[in-house]
Amino acid sequence: MKSWLKGGFVLSLVLLVPLLAVGGGDAAKGKPVFTSKCATCHGAAGEGKDAIAKMFKVEVRPLGSKEAQARPDAELRKIITEGNGKMKPVKLSDEGAADVAAYLRTLAVKK
Ligand code: HEC
């Protein structure tokens, strides 16, 4: 019984640690936020909009690209709440930003 308990504890740690490491964002909650606050510039699937790229005279990389996905979660949250280059900050709570960051991970281009 005791070793069974210990096993359960270790298992829950193994399951919890990666969750905490990504900042606890909830991708399912982040999706509607992305659709309403980000998709106008980044497209429904984060692919980027040519018109926006032209308007800001920058390249808007697909959010699923290797370069964008290489950014750690903390940096994604910072880009969202503080802006980045030509992108203006988006008003979101820390939790909202973490949810959207988690959602961005689901956009990663699979190879
Ligand atoms: C008004 C248009 C606009 C909105 C709204 C917007 N962005 Fe952006 N975003 C940009 C532009 C333009 C860039 C490129 C900035 C640059 O390189 O100067 C960018 C860059 C980024 C990057 C960096 C990508 C890379 O190349 O590494 C991330 C991540 C990002 N946006 C996430 C978001 C998220 C998440 C939201 C919604 C919470 C959002 N953006 C809302 C215009 C926008």
Side-chain angles (χ1 to χ4, degrees):
M1 185 62 181
K2 262 209 176 131
S3 67
W4 179 86
L5 266 179
K6 210 165 137 195
F9 179 68
V10 170
L11 185 68
S12 54
L13 266 187
V14 168
L15 291 173
L16 264 174
V17 167
L19 259 179
L20 294 175
V22 297
D26 183 340
K29 278 200 251 160
K31 186 176 184 191
V33 180
F34 183 88
T35 305
S36 67
K37 307 246 181 194
C38 322
T40 39
C41 296
H42 287 286
E47 71 277 12
K49 292 245 169 114
D50 284 348
I52 299 296
K54 281 211 185 89
M55 193 171 100
F56 287 107
K57 297 194 173 66
V58 289
E59 185 198 352
V60 182
R61 262 192 305 247
L63 297 179
S65 66
K66 232 174 44 219
E67 292 82 357
Q69 291 289 325
R71 298 179 189 271
D73 276 44
E75 198 179 316
L76 290 177
R77 292 202 298 269
K78 200 167 167 210
I79 290 176
I80 295 166
T81 55
E82 294 175 24
N84 173 50
K86 293 280 171 65
M87 178 179 147
K88 292 211 172 61
V90 178
K91 263 205 158 66
L92 279 180
S93 64
D94 288 348
E95 198 195 338
D99 291 344
V100 175
Y103 177 67
L104 292 186
R105 296 299 179 207
T106 70
L107 302 175
V109 182
K110 297 194 179 67
K111 290 217 182 90

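One-based numbering, in listed order, for ligands and for the atoms of each.
Here the closest heavy-atom approach between residue His42 and residue Phe34 is recorded as CB-CZ, 4.0 Å. For Thr81 against Ala97, the heavy-atom pair with the smallest separation is CG2-CB, 3.8 Å. Residues Val100 and Cys38 come closest through the heavy atom pair CG1-SG, 4.4 Å. Across every non-hydrogen atom of Lys91 and Lys37, the tightest pair is O-NZ, 3.9 Å. The two residues Leu76 and Ala101 have their closest heavy-atom pair at CB-CB, 4.2 Å.
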For ligand 1, run through the N/O pairs with the protein that fall under 3.5 Å and put one pair on each line.
residue	atom	partner	partner atom	Å
ligand 1	7 (N)	His42	NE2	2.8
ligand 1	9 (N)	His42	NE2	2.8
ligand 1	18 (O)	Lys86	N	2.8
ligand 1	26 (O)	Arg61	NE	2.8
ligand 1	26 (O)	Arg61	NH2	2.9
ligand 1	27 (O)	Arg61	NH2	3.3
ligand 1	27 (O)	Arg71	NE	2.6
ligand 1	27 (O)	Arg71	NH2	2.9
ligand 1	31 (N)	His42	NE2	2.8
ligand 1	40 (N)	His42	NE2	2.8

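Take Glu75 and apply the side-chain contact (heavy atoms from CB on, under 4.5 Å) test, not counting sequence neighbours, and it matches Arg71, Pro72.
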